[in-house]
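FYI, side chains are in, hydrogens and waters are out, and symmetry mates aren't considered; it's all heavy atoms of this structure.
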Amino acid sequence: MATRTTLPDHLAHEIDEARRRTQLLRTVRDTVVEVVPGAYAIKGHAVADRYPSPLVRTMMDLDLVVTDVDSLWLIAEVLRDQWKAAVQAVIRYPARAGGAFGEHCVIATVVAARDGEFELPLAIDLYTHGFAGDIGTVPARREIGRAPVLGTAEHLTSIAAEGLEGGFSPKDMVDAAVLLLGTDAEKEFRLAREYACELKLVPELARLLTLARVHGLPLPSFAVVPDREAREGRFRRVAAHLLNSAHYPRTALLQALQRSEVFPGPWAKIRRRAWRLVDDVLPVSARVRTQLLGFGVPVRRTGSYDGQLLSGAGREFLLVNSAQVKERWLDPALEFLE
């Protein structure tokens, strides 16, 4: 976070590029909302709009929630036509939305190269559900908040959820401080604590605020989570996880092993090897696979196929549960695409 004032030329260039990149992503966002009126931005881009001028938040991508899978593919086509964007990855994971289990969230990452205008390509992540955290890192895995008009409470909760995927970055801490500068911040913070309690994120919210203060960021006096509340929150989360594991031991074990494909953590390499051994022997049609992460592999249909494919944006995707794609996943009526 910086301004041009007294900056060396190379840093001023970086800040200028960050501003231009953010403005372009805003243009993409506005285009998407025009095509799908119910779509809304989450995470970084939503927080960037809160930064007071002339401060700028660096952004690498844009995260948007859309209303359904059809809208997701429609937006992917618009991005392809207007920005030469292509779908690079598709993920589906089980979710709880509207209080009901059995739904799935689909995420499509659309990448557009900008012909050398920026050093890195633009990435747009499209979600069919709005969650605090990605790919099931939040134990409750359910939607919260006042979508599509989100406030400080929802954004702060989403930042706190980043702590489940690893440590907090300096950008996370600054984002939290900026969000808590608003005139309604005290009321919103109380709501964020309610969300954190509901999603079992109290320890992460407490840690985020503590780190921000340790690093000298100005937080209001009300932005505190007592240590006792954080300890109790951690205990309740562990208890809920153990209870869920006792009810669904097979699913819980496979989910824990499979997440090593995506998230770092203790014994990640060992867990990944264990998962791939299980993946080798677990039947392709096993029902439990629907409760695991599904990675979309682009395929071409060459014959009659009765299985489920994610179809859209001129492509079809076969969902597999491992980053190592195996030939046994492939039906004779399908052909892998590079």
Nearest 0.5 angstrom please: [X] [atom1] to [Y] [atom2], how far?
| X | Y | atom1 | atom2 | answer |
| --- | --- | --- | --- | --- |
| Thr152 | Glu186 | OG1 | CD | 13.0 Å |
| Glu188 | Glu154 | CD | CD | 6.5 Å |
| Arg231 | Arg228 | CZ | CZ | 8.0 Å |
| Leu208 | Leu201 | CG | CG | 11.0 Å |
| Leu150 | Ser158 | CG | OG | 7.5 Å |
| Leu122 | Leu79 | CG | CG | 10.0 Å |

Taking [Y] as the starting point, is it possible to reach [X] by hopping between hydrophobic residues whose side chains are less than 4.5 Å apart?
| X | Y | answer |
| --- | --- | --- |
| Val90 | Leu74 | yes |
| Leu126 | Val69 | yes |
| Leu205 | Val224 | no |
| Tyr93 | Val320 | yes |
| Leu219 | Val202 | yes |

Provide the closest heavy-atom pair for Ala177 versus Pro218 in the form atom of the first, atom of the second, distance. CB-O, 4.4 Å
Identify the two heavy atoms, one from Ala206 and one from Ala230, that lie closest to each other, and give their separation to 0.1 Å. CB-CB, 3.9 Å
Under 3.5 Å, is there a donor-acceptor pair between the side chain of [X] and the main chain of [Y]?
| X | Y | value |
| --- | --- | --- |
| Thr31 | Thr27 | yes |
| Arg92 | Gly294 | no |
| Asp63 | Ala41 | no |
| Thr22 | Arg19 | no |
| Ser71 | Val66 | no |
| Arg289 | Leu282 | yes |
| Lys171 | Thr58 | yes |
| Gln258 | Leu292 | no |
| Trp275 | Leu254 | no |
| His215 | Leu211 | yes |

Does [atom1] belonging to [X] count more than 12 external heavy atoms closer than 6.0 Å?
| X | atom1 | result |
| --- | --- | --- |
| Arg207 | CZ | no |
| Phe235 | CZ | no |
| Asp227 | CG | no |

Test Val299 against every option in Phe336, Phe317, Tyr305 by the side-chain contact (heavy atoms from CB on, under 4.5 Å) rule and name the one that passes. Phe336
Name the one of Leu72, Ile107, Asp68 that satisfies side-chain contact (heavy atoms from CB on, under 4.5 Å) with Thr128? Leu72
Electrostatic pair [X]-[Y], nearest N-O below 4.0 angstrom:
| X | Y | answer |
| --- | --- | --- |
| Arg190 | Asp184 | no |
| Arg236 | Glu229 | no |
| Arg50 | Asp175 | no |
| Arg301 | Glu335 | no |

Is there a side-chain contact between [X] and [Y], using heavy atoms and a 4.5 Å cut-off?
| X | Y | answer |
| --- | --- | --- |
| Val110 | Asp125 | no |
| Val32 | Arg29 | no |
| Glu204 | Leu164 | yes |
| Val106 | Ile91 | no |
| Trp83 | Ile124 | no |

Does the side chain of Thr251 pick up a donor-acceptor pair with the side chain of Gln291 at under 3.5 Å? no
Indicate whether the side chain of Asp172 and that of Ser169 have a donor and an acceptor atom separated by less than 3.5 Å. yes
Besides Val214, the hydrophobic cluster formed by Ile, Leu, Val, Met, Phe, Trp and Tyr side chains linked at under 4.5 Å, directly or via other members, contains none
Go through it in stages, so that I can follow the logic: the residues are Thr109 and Gln88, the test is side chain to side chain donor-acceptor pair (under 3.5 Å), and I'd like the CA-CA distance, side-chain angles, deciding distance and then a yes or no. CA-CA 6 Å; Thr109 299; Gln88 297 293 307; over 6 Å; no
Parallel, tilted or perpendicular: which describes the rings of Phe189 and Phe222, with under 30° parallel and over 60° perpendicular? tilted
